[in-house]
Amino acid sequence: FNGNIIYLEEHGLVSGKTHMNRTLEHTGPSLLMAQITAHGLDFLEDDGGLGAILNKLTVKIDSEDINALITTHLDRANIAPEKKSEIMSALKSLPAEGIKSVYKRLINYGLDKTPDVFDLIQKVLDPSS
């Protein structure tokens with residue numbers, strides 16, 4: 001028990017006062033008055049608890065970056081220059097909501113067309129692989 005409770009305390013899941021025992025039955029640290037922490041409660045929740053809400057990460061992608069990606073791929077595409085120019089003009093004339101809709105559809109299309117998308121994500125997140 002003492003080893004487990006000390007382990008939980010080291011990870012911030014419980015708190016209390018550490019006491020060093022020096023008896024024949026038990027030598028080593030004990031945690032007195034152990035109390036579960038907010039991190040401990042969040043760990044026990046199936047949904048991550050309040051920490052999942054407070055530690056939410058929002059990713060914002062700049063429209064200029066996406067336009068640069070689209071432009072790069074259009075330049076490489078094997079289509080007529082007039083058609084490329086027409087597509088870029090149409091994209092530039094779209095209102096903000098229209099651009100957002102196009103971006104979402106492009107991302108969904110890309111994910112649907114990539115059979116190994118999760119392997120790719122894992123490789124990006126783990127550069128050692």
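Because only heavy atoms are used, hydrogens play no part in the values below, and waters and symmetry mates are left out as well, while side chains stay in. Since the model is a prediction, treat every value here as computed from it, not as a measurement.
Judged as a salt bridge (Lys or Arg N to Asp or Glu O under 4.0 Å), not a single pair has a partner in residues 6-17 (not counting sequence neighbours).
Nearest heavy atom pair, residue Gly12 against residue Thr37, reads O-OG1, 2.5 Å.
Legend: residues meeting side chain to side chain contact (heavy atoms under 4.5 Å, CB included) with Ile79, ordered by chain and number and at least two apart, are Leu74, Ala77, Lys83, Lys84, Ile87. Taking the side chain to side chain contact (heavy atoms under 4.5 Å, CB included) definition, one finds that Leu94 meets it with Leu91, Ile99, Val102, sequence neighbours left out. Taking His11 as the reference, Tyr7 meet the ring pair (Phe, Tyr, Trp, His ring centres under 6.0 Å) condition, with sequence neighbours excluded. Judged as a side chain to side chain contact (heavy atoms under 4.5 Å, CB included), and not counting sequence neighbours, the contacts of Arg76 are Thr72, His73. Judged as a side chain to side chain contact (heavy atoms under 4.5 Å, CB included), and not counting sequence neighbours, the contacts of Thr71 are Asp75, Met88. Every residue two or more places apart in sequence or in another chain was checked for a ring pair (Phe, Tyr, Trp, His ring centres under 6.0 Å) with Phe43, and none qualifies.
No chain of hydrophobic side-chain contacts below 4.5 Å, direct or via other Ile, Leu, Val, Met, Phe, Trp or Tyr residues, connects Leu111 to Tyr109. Linking ILVMFWY side-chain heavy atoms closer than 4.5 Å, directly or via other members, places Val14 and Leu41 in a single hydrophobic cluster.
In this structure, the side chain of Ser89 does not engage the main chain of Glu86 through any donor-acceptor pair within 3.5 Å.
Each of Ile5, Leu44, Leu8 was scored for a side-chain contact (heavy atoms from CB on, under 4.5 Å) with Leu13, with one residue passing: Leu8.
In this structure, His39 NE2 and Asp42 CG are separated by 7.5 Å, a value rounded to the nearest 0.5 Å.
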Q: Apply side-chain contact (heavy atoms from CB on, under 4.5 Å) to Leu106 and Ile70, showing your working.
A: CA-CA 10 Å; Leu106 285 172; Ile70 292 170; 3.8 Å; yes

